[in-house]
2 protein chains.
Amino acid sequence: MPKRVDHEERRTEIAEALVRVAGRRGLHAVGMRDVAAEAGVSLRLVQYYFETKEKLLLYGLQHLAAGFGERVAARVRAAGENPGPRATIEAMLLASLPTDEGSRTFHLVHTSYAVLAVTDAALADQPFLKSPDAAEDAVTDLLQQAKDAHLARPGTDARVEAISLLAMSAGLGTSILAGQRSPESAAAVLDAHLDRIFRDGGRND
Amino acid sequence: MPKRVDHEERRTEIAEALVRVAGRRGLHAVGMRDVAAEAGVSLRLVQYYFETKEKLLLYGLQHLAAGFGERVAARVRAAGENPGPRATIEAMLLASLPTDEGSRTFHLVHTSYAVLAVTDAALADQPFLKSPDAAEDAVTDLLQQAKDAHLARPGTDARVEAISLLAMSAGLGTSILAGQRSPESAAAVLDAHLDRIFRDGGRND
DNA sequence: ACGATCATGGTACGTCTGTATCATGAAGGT
DNA sequence: ACCTTCATGATACAGACGTACCATGATCGT
């Protein structure tokens with residue numbers, strides 16, 4: 001036989017090609033042949049490693065979500081050795097905004113998947129839909145910690161604020177993608193809300 | 001000739017068929033033949049009233065946006081004879097959430113269009129993308145009025161809060177659509193923020 | 001009443017799509 | 001050394017898609 005290749009590695013390369021072309025021309029416009037060309041392989045190879053298009057899409061989605069998770073984690077680590085709850089939350093939220101080309105692609109393709117999932121049963125019960133729940137729990141915990149440490153205003157409802165921040169972040173991200181808002185102004189809005197939640201020192205408003 | 005028909009009326013019927021099938025099976029999956037079947041006319045007729053698919057999509061988008069505008073306006077009117085700023089804003093935001101089947105369809109199709117617009121130049125510079133700006137101005141004005149009338153907390157930055165509320169509303173709407181959140185909990189989150197902005201009486205926190 | 005015009009039907013064409021089939025060289029096990 | 005098995009190529013197929021073309025009653029203006 002020919003050289004035994006690492007299937008998983010191959011699949012990753014193809015999935016990344018899928019994400020690239022989806023980010024460029026939109027997920028709806030991506031075909032098997034496009035992915036093959038972008039990955040520099042033949043159509044047959046894409047069929048070989050992913051038997052059907054649906055499996056390719058599913059794998060691509062997982063790969064996308066994993067990459068996003070790493071991106072956020074790296075951003076949080078970059079926030080410092082022992083960042084406070086606010087710095088951590090801020091890093092998470094800002095990492096979710098489509099600022100550079102990479103996160104723009106992620107946001108666009110992710111939203112495309114989400115739209116598809118509404119009418120496609122196979123994508124609907126995919127675990128990537130649960131990652132927002134995980135994020136919500138994480139932010140809630142951080143806010144609760146801040147509240148316990150008297151870093152946040154006493155009246156804060158941790159979960160409601162967590163939901164709000166994540167929904168805002170998602171909404172702002174979409175409007176950045178649509179070209180309605182600049183990343184800077186979106187970041188400023190998020191910061192304003194964090195300022196409100198994390199009162200500094202003893203000010204009571 | 002045959003009975004002279006009202007072209008605009010016909011186009012509206014077909015556009016509504018487009019929106020219905022798009023809401024059911026997703027905008028990406030909608031074809032000329034599907035629209036024709038849903039509208040109960042022949043494929044030729046869809047071609048006759050909209051020469052090309054792109055024109056059909058554009059018209060459908062306008063129709064969708066117009067319908068949404070009416071929906072919101074009706075909801076605001078239903079808020080009472082002379083509603084205060086808070087009731088008005090609340091009506092606007094709640095009308096934007098995908099609660100019933102109609103608004104669910106609107107949200108889904110609208111989001112599909114927005115995703116397409118990112119990679120499609122023809123849709124990108126469509127006026128419906130400006131309606132968020134109009135909403136932002138309207139909410140900002142209402143918040144400013146409330147502030148001037150001492151109904152809102154003094155520290156409120158009207159525009160930042162308007163942006164936040166609309167972004168939250170959009171983000172919450174998307175998560176409702178994805179089945180991650182119930183309409184009720186989303187409405188509760190929005191209400192919590194309105195409670196915060198519109199302090200009651202003389203409380204200073 | 002008649003011819004120009006409008007609304008509609010049917011259908012064919014070319015292209016693109018995802019998938020399946022046939023073919024073949026290259027290297028593993030024994 | 002041989003035969004199986006793996007990786008890859010080329011291409012064919014059936015269907016759906018948007019669009020274009022031809023046909024034909026119906027009715028309006030005159």
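Everything numeric here is computed off the predicted structure, so don't read it as measured data. Reminder, nothing fancy here: chain letters follow the sequence lines and each chain counts from 1.
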Query raised in the report: Which whole-number value in Å describes the distance from B/Leu43 CG to D/dA16 P?
Result: 14 Å

Requested in this report: Compare side-chain N and O positions of A/Tyr49 against OP1 and OP2 of D/dT8 and report whether any pair is under 4.0 Å apart.
Outcome: yes

Query raised in the report: Could you give the OH-to-P distance, from A/Tyr48 to D/dT5, as a whole number of Å?
Result: 13 Å

Report task. Please check the phosphate of C/dT19 (OP1 and OP2 only) for any side-chain N or O of A/Thr52 closer than 4.0 Å. Result -> yes

Query raised in the report: Taking atom P of D/dA20 as reference, at what distance in whole Å does atom CD of B/Glu51 sit?
Result: 9 Å

Query raised in the report: Is any side-chain N or O of A/Arg44 under 3.5 Å from a base N or O of C/dT19, one able to act as donor and the other as acceptor?
Result: no

Query raised in the report: Just checking A/Phe50: base, sugar-phosphate only, or nothing, at a heavy-atom cut-off of under 4.0 Å?
Result: nothing

**Report entry** Length of the line joining A/Met32:CE and D/dA12:P, which is rounded to integer Å
**Finding:** 21 Å

Report task. Compute both the distance and the angle, then confirm whether A/Arg71 meets the cation-pi test with A/Phe106: under 6.0 Å from the six-membered ring centre, within 45 degrees of the axis. Result -> no

Report summary line: Atom CG of B/Leu45 and atom P of C/dG10 are separated, to the nearest Å, by 10 Å

Requested in this report: Answer yes or no: is there a side-chain heavy-atom contact under 4.5 Å between B/Ile176 and B/Pro98?
Outcome: yes

Query raised in the report: OP1 or OP2 of C/dA7 less than 4.0 angstrom from a side-chain nitrogen or oxygen of B/His7, does that happen here?
Result: yes

Requested in this report: In plain terms, say whether A/Asp191 and A/Arg86 are close enough for a salt bridge, that is, a side-chain N and a carboxylate O under 4.0 Å apart.
Outcome: yes

Requested in this report: Considering just the side-chain nitrogens and oxygens of A/Ser42, establish if one lies under 4.0 Å of OP1 or OP2 belonging to D/dT8.
Outcome: no

**Report entry** Salt bridge flag under 4.0 Å for residues A/Arg181 and B/Glu136
**Finding:** yes

Query raised in the report: When the distance from CD of A/Glu13 to P of D/dA7 is rounded to whole Å, what number comes out?
Result: 14 Å

Report task. Check the side chains of A/Asp148 and A/Gln144 for a donor-acceptor pair under 3.5 angstrom, ignoring hydrogens and angles. Result -> yes

Query - Atom pair distance, as rounded to whole Å: CG in B/Asp34 and P in D/dG15 - result: 17 Å

Requested in this report: Give the rounded distance in Å between these two atoms: CD of B/Gln47 and P of D/dC21.
Outcome: 11 Å

